[in-house]
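One structure is given here, and the rest of the page talks about it.
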Amino acid sequence: MKPENNNSPRPRVGYIGLGIMGRPMAGHLLNAGYPLTVFNRTRAKTEPLATAGARVADSPRAVAEASDIIFTNVTDSPDLEAVVLGADDKTDGVLDGVRPGSIVVDNSTVAPAAATRIAALLEGKGVHFLDAPVTGGEKGAIEATLAIMVGGEEEVFHRALPLLQRLGKTVLHVGPNGAGQMTKAINQILGAIHLCAMAEALALAKAAGLDLEKTRQIVASGAAGSWMLSNLAPRAIAGDFRPGFKAGLQNKDLRIALEAAAQLGLDLPITHLARRDFQHLVDMGCGDEGTQAIVKTRGNQ
Ligand code: NAP
């Protein structure tokens, strides 16, 4: 992909994975004037973007054939491997259609080791890879205020930057391939532990007969405040467990973080406790609810 300047045509963009995050993110690229081709496993989810002017492809391979820069945003490491390497027949993946010089940008949260594996496979075809996971939730995706942590070659990062800046407010190159996902694992440790702290604080407030919303308001405004208390505690108090970020995905991210830490010989005891709580929530059948449902593990709701 050539660097963008005022005289060159805009690169053709592909987006694969139009879930809670991918759909608004792809929409921003379309609205910014990039010619967009999309693929989603469940085709019905492509309809809003097709109506807005995107082309719908039949496979990740067809997206890659039609694009200079290809974004992916799927659930977990095996899903990223399926869209890049091909699913059942192994001929419909990004790798089968992509041309040398193209860039693949992965916005999913996957294992750092998966990111480096995919990067090496793409490099064998002369294709660049950036692991570019995001944080900021569904709201950040819709408002294009995400924070994006990017691993890969710095020169490739700068080529992709104008597009990434359409998706987020803070876009930072954090190191080579894998560093973006490692940074995201650190982010997820913090988010999960903050959520467990929120659940425990609300459980005590409830048991003590305090007004939950007043308690939340005052503690959120001081040194104990957190994004979770400001954004997710109001939903938990209102009994609104619809997902922005699904509890099952948070559980996956804690697994990724603990595996990455173990590979570095590091024990993270509080992260293990948070993992236990999120696994419990998933076992309760709440994996598709929002992460604020963690309050249910403390008997709230
Ligand atoms: P989601 O709504 O469940 O969407 C997942 C997307 O991945 C769907 O488009 C799904 O297709 C696709 N997919 C999954 N497995 C696939 C496979 N094997 N082959 C092809 N497509 C596959 O999840 P999301 O909330 O958008 O999250 C997407 C990624 O962003 C995850 O890695 C998540 O951890 C991360 N993330 C999420 C948030 C958040 O607040 N939601 C924030 C930061 C990061 P179908 O439609 O066919 O199921």
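What's counted below: heavy atoms across the whole structure, side chains too, no hydrogens, waters or symmetry copies. Ligands are counted one by one from 1 in listed order, and the atoms in each one are counted from 1 as well.
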> Taking only heavy atoms of Asp79, which atoms of ligand 1 are found under 4.0 Å from at least one of them?
Replying inline: 15 (N), 16 (C), 17 (C), 18 (N)

>> Out of all atoms in ligand 1, which are within 4.0 Å of some heavy atom of Val83? Include the element for each.
In response: 19 (N), 20 (C)

> Nearest heavy atom to atom 21 (N) of ligand 1: which of Leu18, Val74, Thr75, Ile20 does it belong to?
Replying inline: Val74

> If we ignore angles and hydrogens, is there a donor and acceptor under 3.5 Å between the side chains of Asp96 and Thr91?
Replying inline: no

> Is the cationic atom of Lys296 (NZ for Lys, CZ for Arg) positioned less than 6.0 Å from the six-membered ring centroid of Phe241 and within 45 degrees of its normal?
Replying inline: yes

>> Determine whether a donor-acceptor pair (N or O, by modelled atom type, separation under 3.5 Å) exists between the side chain of Asp76 and the backbone of Pro78.
In response: no

> Which residue from Val134, Asn40, Val110 reaches closest to atom 11 (O) of ligand 1 through any of its heavy atoms?
Replying inline: Asn40

> Of the non-hydrogen atoms in Ala57 and Thr37, which two are nearest, and what is the gap between them?
Replying inline: CB-CG2, 3.8 Å

>> Please list, in number order, the atoms of ligand 1 under 4.0 Å from a heavy atom of Gly244.
In response: 39 (C), 40 (O), 41 (N)

> By number and element, which atoms of ligand 1 are closer than 4.0 Å to a non-hydrogen atom of Asn73?
Replying inline: 6 (C), 7 (O), 28 (C), 29 (C), 30 (O)

>> Can you tell me how the ring of Phe71 sits relative to the ring of Tyr15, calling it parallel under 30°, perpendicular over 60° and tilted otherwise?
In response: parallel

> Based purely on interatomic distance, does Gly22 place a nitrogen or oxygen under 3.5 Å from a nitrogen or oxygen of ligand 1?
Replying inline: no

>> Looking only at distances, can you tell me whether any N or O atom of Arg41, backbone or side chain, sits closer than 3.5 Å to an N or O atom of ligand 1?
In response: yes

> What atoms in ligand 1 come closer than 4.0 Å to a heavy atom of Gly17?
Replying inline: 9 (O)

> So which of Lys45, Glu138, Lys252 gets nearest to atom 46 (O) of ligand 1, if we judge by its closest heavy atom?
Replying inline: Lys45

> Against heavy atoms of Lys246, which atoms of ligand 1 measure under 4.0 Å?
Replying inline: 1 (P), 2 (O), 3 (O)

>> Give the atom numbers and elements of ligand 1 that come within less than 4.0 Å of a heavy atom of Lys184.
In response: 43 (C), 44 (C)

> For ligand 1, which atoms sit closer than 4.0 Å to a heavy atom of Thr109?
Replying inline: 32 (O), 34 (O), 35 (C), 44 (C)

> Nearest heavy-atom pair of Glu289 and Pro243: which atoms, and what distance?
Replying inline: C-CB, 4.0 Å

>> Looking at ligand 1, is there an atom of it that comes within less than 4.0 Å of some heavy atom belonging to Gln250?
In response: no

